[in-house]
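Reviewing the structure listed below.
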Amino acid sequence: MNELISNLGIILNATLMYTPPLLYAALGSCFSEKSGVVNIGIEGMIVFGGFMGALLGNFIANPWICFLCGGLAGALLALLHAFATVSCRADQTISGTAINFLATGFSVFICYLTFKTSETPPVIEKLPRIFNGAFIWLRENLPEGAAKLFAQNSFLDLVFNTYASTYLAFVLVAVVWFVFYRTRFGLRLRAVGEHPRAADTLGVNVYLVRYLCVIFSGFLAGLGGASITLATVSAFRPSIVAGQGFIAIAAVIFGKFKPQGALLGCILFGFCNGLRVVVGSNSVIPVNLISMIPYVVTILTLVLFVGRAQVPAANGKPYIKSK
Amino acid sequence: MAKKLLKGNFIYTLFAIIVGFAVGAIAMGVAGYNPLEAYGSLFGVVFDTTKTMSYSFIEYATPYILTGLSVAFSFKTGIFNIGAEGQYVMGSVAAMLVGAFVPAPAVVLIPLCILASVAVGVLWGGLVGYLKVRFGSHEVLCMIMFNWIAYYLSNFLVLADGINVGGGKTWSHSIQDAAKITITDWFPKNAVSSRTHFGIVIAILCVIAIYYIINRTTLGYRLKAVGYNRSAAEYAGINANRCVIVSLAISGALASLAGGLQVMGVTYKVTQFAAQESYGFNGITVALIGATNPIGTLIAGWFFGAMKYAGTRMKLLDGTRVPKEIVDIIMGCIVFFIAISNLFRAFVMNRGKKGGKA
C-alpha cells in the first residue's frame with residue numbers, strides 16, 4: 001500500500017513536471033486559434049521564451065523577471081506572426097513555419113555567441129517552490145508521526161511541493177476561461193474567430209483583437225518555455241522543447257479550442273509521460289511501447305468519443321476589412 | 001512578360017532569398033563574423049569539387065526533395081501534411097526490414113524495398129485521410145499523433161530482438177548489399193561523396209510524375225478543385241472525400257519513399273532516435289520555398305540540401321567556424337518573406353494598374 005502511494009506520488013510528480021509547459025502553450029494556442037489565427041509557431045515561441053529565460057537567468061538573480069522576459073520574448077515573435085498574418089494576410093501556416101525556424105536559429109546562435117556552446121549553464125536562481133517554507137516548518141514542528149507525512153519525497157511533498165510556475169499554469173486555466181466566457185473582450189475574440197465580418201459591422205476592431213490574441217498566445221507560450229528553463233530543467237538546450245508546441249496544439253484541437261478542454265488534453269499527455277517515467281524504468285513492456293500510449297489514446301478518443309473537429313469558423317482565413 | 005513575372009512566384013521567392021541572406025549577414029555582422037567571408041565559404045563549400053557538389057545536391061538534397069514534394073502535393077488539395085515526418089520514419093523502417101531480412105538478388109530486392117516503403121506510406125498517409133473523412137478527425141492533430149507513434153514504433157523495432165544488431169548497440173541490422181543503391185563505384189575514386197546514390201534519379205522521376213498528375217490528369221484536376229473550393233467541387237460531382245484520402249495516400253507515399261531511399265542509399269540502417277530528425281518538417285519549408293510547385297520543389301530541395309551541407313562547414317578565412325544555426329535564421333527569413341510577399345505582390349500589381357491608367 002505504501003509503495004503504491006509512493007509510486008502514485010512519483011507519477012503525479014512527473015505529471016506535474018510535464019504538464020505546465022504544455023498548458024501554458026495550449027492556453028496561448030486557444031487565444032490565437034479562437035480569434036481565427038492558426039499558430040503553428042507556438043513551438044518556436046516556446047523555444048525562444050525558454051531560451052530567453054535561461055539566458056537572462058544566467059545574469060539576473062531574480063527568476064520572476066527572467067520568467068516574465070521569457071514571456072515577452074515569445075510575445076515578440078508572436079508580434080511578427082501577427083504582422084504577417086493579420087496585416088499582410090500571409091498564409092498562417094507559412095508564417096508559423098518561418099517563426100519556428102527563426103526561433104531555433106536565433107536561440108542557438110545567440111547561445112553560441114554568449115556561452116560558446118549550444119547549451120546554457122544552469123540558471124542562478126530557479127523559480128521558487130512556494131510551499132517549501134511551509135513544508136519545512138511542518139516537518140520541524142509537527143509530532144514525528146504527522147511530520148513523516150511531509151517528509152522529503154513523501155506523497156504530499158512530491159505532489160504539492162512544486163514550483164510556483166506549476167501552480168500558476170493551473171490558475172491561468174481559470175483566468176483564461178473567465179476571459180473567454182465572462183468578459184466583453186472574450187465575447188469579441190470569439191466573434192472575431194467565428195464571423196469577423198459580423199463582428200466588424202458591430203464595431204469590433206477585428207485587426208486589433210487578432211493582434212492582441214496572437215501576442216497573448218506568444219506571451220503564454222514564452223512563459224511555458226521559461227517554466228522549463230527556469231524550473232524543471234533550469235537550463236536551455238536545443239532539445240528541451242522537442243515538439244511540445246505541436247503537442248500543445250494537438251491538446252487544443254482535442255479540447256475543441258476551449259481552455260478547459262485543453263487542460264484535459266494536456267493532463268492526458270503529461271500523465272502518460274509521468275507513467276512512462278515510473279513504469280518504463282522497471283517493466284517487462286518496452287518503454288517505447290509505453291511512450292506510444294498517449295498518442296494512440298488520443299487517436300482512439302478522437303475517433304470514439306470526440307467526433308468531428310469543431311474549428312472556429314474563420315480559423316485560418318485572413319480578414320480583409322473592406323471589399 | 002514583365003507583368004507575368006510580377007504575377008508569378010519566382011521573383012518574390014528570389015527577393016525573399018536575397019532578404020534572407022541579408023538578414024543572415026546582419027546577424028553575422030552583429031555577432032562579429034565577416035558575412036562576406038562566411039558566404040564566400042558557404043558558396044565555396046558547395047561548389048568546391050564534384051565531391052562536395054554530390055554531397056549537396058544528391059546525398060543531402062534527395063530526402064528533402066521528396067518530403068518537400070509530399071507536402072507540396074497535399075497543399076494542392078488544401079491539406080497541410082505536417083505528418084511527413086512520421087511517414088518518412090515509417091518508410092525508412094519498412095525499407096530497412098525488407099532490405100535486411102528478405103533474401104533476394106538486387107534486381108528483386110531493390111524494387112521490393114522501394115515498394116515496401118511506398119506501400120507503408122500509402123497506408124500511413126491514407127489512414128489519416130480515412131479518419132478525417134470517416135470520423136471528422138482533425139488531420140493536423142492526427143498527423144502530429146501519427147508522427148510520434150511512428151517515432152516510438154521505430155525506436156521499439158530498432159531495439160527489438162532479432163532486428164537490433166545486438167551487443168548493446170542502438171541500431172538495427174544493416175541492409176544487405178543487394179539492397180543498397182549507392183553508386184559511388186561507378187565514378188572515379190574521390191569524384192563523388194561516399195554515399196552518392198541513384199535515389200536522386202527516382203526523386204526527379206517523382207517530380208515529373210507529380211507535375212504530370214497535377215497538371216495533366218483528371219485526378220490532378222479533381223484534387224486541385226477540392227483544394228480551391230470543396231463545396232464547388234462536390235457540387236460539380238467530385239467525390240471530395242475520396243480526393244482527400246487519395247491526396248494523403250500519395251503524399252504519404254512520397255515522404256515514405258524519402259525515408260526508404262535514405263536507408264538504401266545513405267544510412268543502411270535505422271538508429272534509435274534521440275529527437276525527431278525533421279526531414280518531414282523541413283519538407284514543409286522546401287515546399288514553401290518551391291511555391292508548392294513540383295519543379296520549384298526540386299530546385300528548393302537542392303537549395304535546402306546545399307545549405308544544410310554547407311552550413312555544417314562554414315568557416316571564416318582564419319578558420320573560425322560559423323555556427324550552423326545561421327542557416328536556420330536565413331531559412332526562417334526566406335520563408336517569412338515568402339509568407340508576406342502577398343503584400344508586395346498586391347502593391348506592385350496595383351501600382352502597375354494605376355500606371356497604366358495615367
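A, B, ... follow the sequence lines: proteins, then strands. Residue 1 opens every chain.
- Interatomic distance, A:Thr97 OG1 to B:Asn282 CG, rounded to the nearest 0.5 Å: 10.5 Å.
- Once rounded to the nearest 0.5 Å, the distance linking CE of B:Met331 with CG of A:Asn100 reads 15.5 Å.
- Residue-environment remark: NZ (B:Lys76) exceeds the threshold of 12 foreign heavy atoms within 6.0 Å.
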Any chance you could lay out the side-chain contact (heavy atoms from CB on, under 4.5 Å) test for A:Val297 and B:Met145, step after step, and finish with the verdict?
CA-CA 10 Å; A:Val297 167; B:Met145 298 301 107; over 6 Å; no

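- In this structure, the portions of A:Ser291 lying under 4.5 Å from any heavy atom of chain B include both its backbone and its side chain.
- Only the side chain of B:Tyr33 comes within less than 4.5 Å of a heavy atom in chain A; its backbone stays farther off.
- In this structure, the side chains of B:Val335 and A:Phe101 stay at 4.5 Å or more apart for every pair of heavy atoms.
- Interface remark: A:Ser239 contributes no atoms to any contact with chain B (heavy atom separation under 4.5 Å).
- For a residue to count as touching a neighbouring chain, one of its non-hydrogen atoms must lie under 4.5 Å from one of that chain's; by this rule A:Ile40 touches chain B with the side chain only.
- Annotation: the span from B:Cys333 atom SG to A:Phe106 atom CZ amounts to 5.5 Å, rounded to 0.5 Å.
- Contact annotation for A:Ser87: only backbone heavy atoms (N, CA, C, O) come within less than 4.5 Å of a heavy atom of chain B.
- In this structure, the separation between CD on B:Glu325 and SG on A:Cys111 is 9.0 Å, given to the nearest 0.5 Å.
- Comparing B:Ala27, B:Ala275, B:Ser154 by heavy-atom pairs within less than 4.5 Å of chain A, the highest count is held by B:Ala27.
- Here the shortest heavy-atom pairing between B:Gly332 and A:Ala98 reads O-CB, 3.4 Å.
- Ring orientation note: the planes of B:Trp148 and A:Tyr295 are close to parallel, at an angle under 30° on the 30°/60° scale.
- Taken to the nearest 0.5 Å, the CG atom of B:Leu288 stands 7.5 Å off from the CG atom of A:Asp91.
- With a 4.5 angstrom heavy-atom cutoff, B:Leu157 does not touch chain A via any of its atoms.
- Nearest approach of A:Phe246 to B:Ile144, heavy atoms of both residues: O-CD1, 3.6 Å.
- Minimum heavy-atom separation, A:Ile299 to B:Ile149: CG1-CD1, 4.5 Å.
- Atom NZ of B:Lys224 has more than 12 heavy atoms from other residues, nucleotides or ligands within 6.0 Å.
- With a 4.5 angstrom heavy-atom cutoff, A:Tyr112 touches chain B only via side-chain atoms.
- Counting heavy-atom neighbours within 6.0 Å of B:Arg230 CZ, excluding the residue itself, gives a total above 12.
- From A:Asn288, atom CG reaches atom OH of B:Tyr152 across 7.5 Å, with rounding to the nearest 0.5 Å.
- When all heavy atoms are compared, the tightest approach of B:Ile329 to A:Gly105 is CG1-C, 3.6 Å.
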Step by step, work out the side-chain contact (heavy atoms from CB on, under 4.5 Å) result for B:His138 and A:Val311.
CA-CA 9 Å; B:His138 198 293; A:Val311 185; 3.7 Å; yes

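- Here the closest heavy-atom approach between residue A:Ser95 and residue B:Phe336 is recorded as OG-CE1, 4.1 Å.
- Using a 4.5 Å heavy-atom threshold, the side chains of B:Leu153 and A:Met292 count as touching.
- With chain A as the partner, the residue from B:Leu131, B:Thr285, B:Leu159, B:Val327 showing the most heavy-atom pairs under 4.5 Å is B:Thr285.
- With a 4.5 Å cut-off on non-hydrogen atoms, B:Val133 touches chain A through its backbone but not through its side chain.
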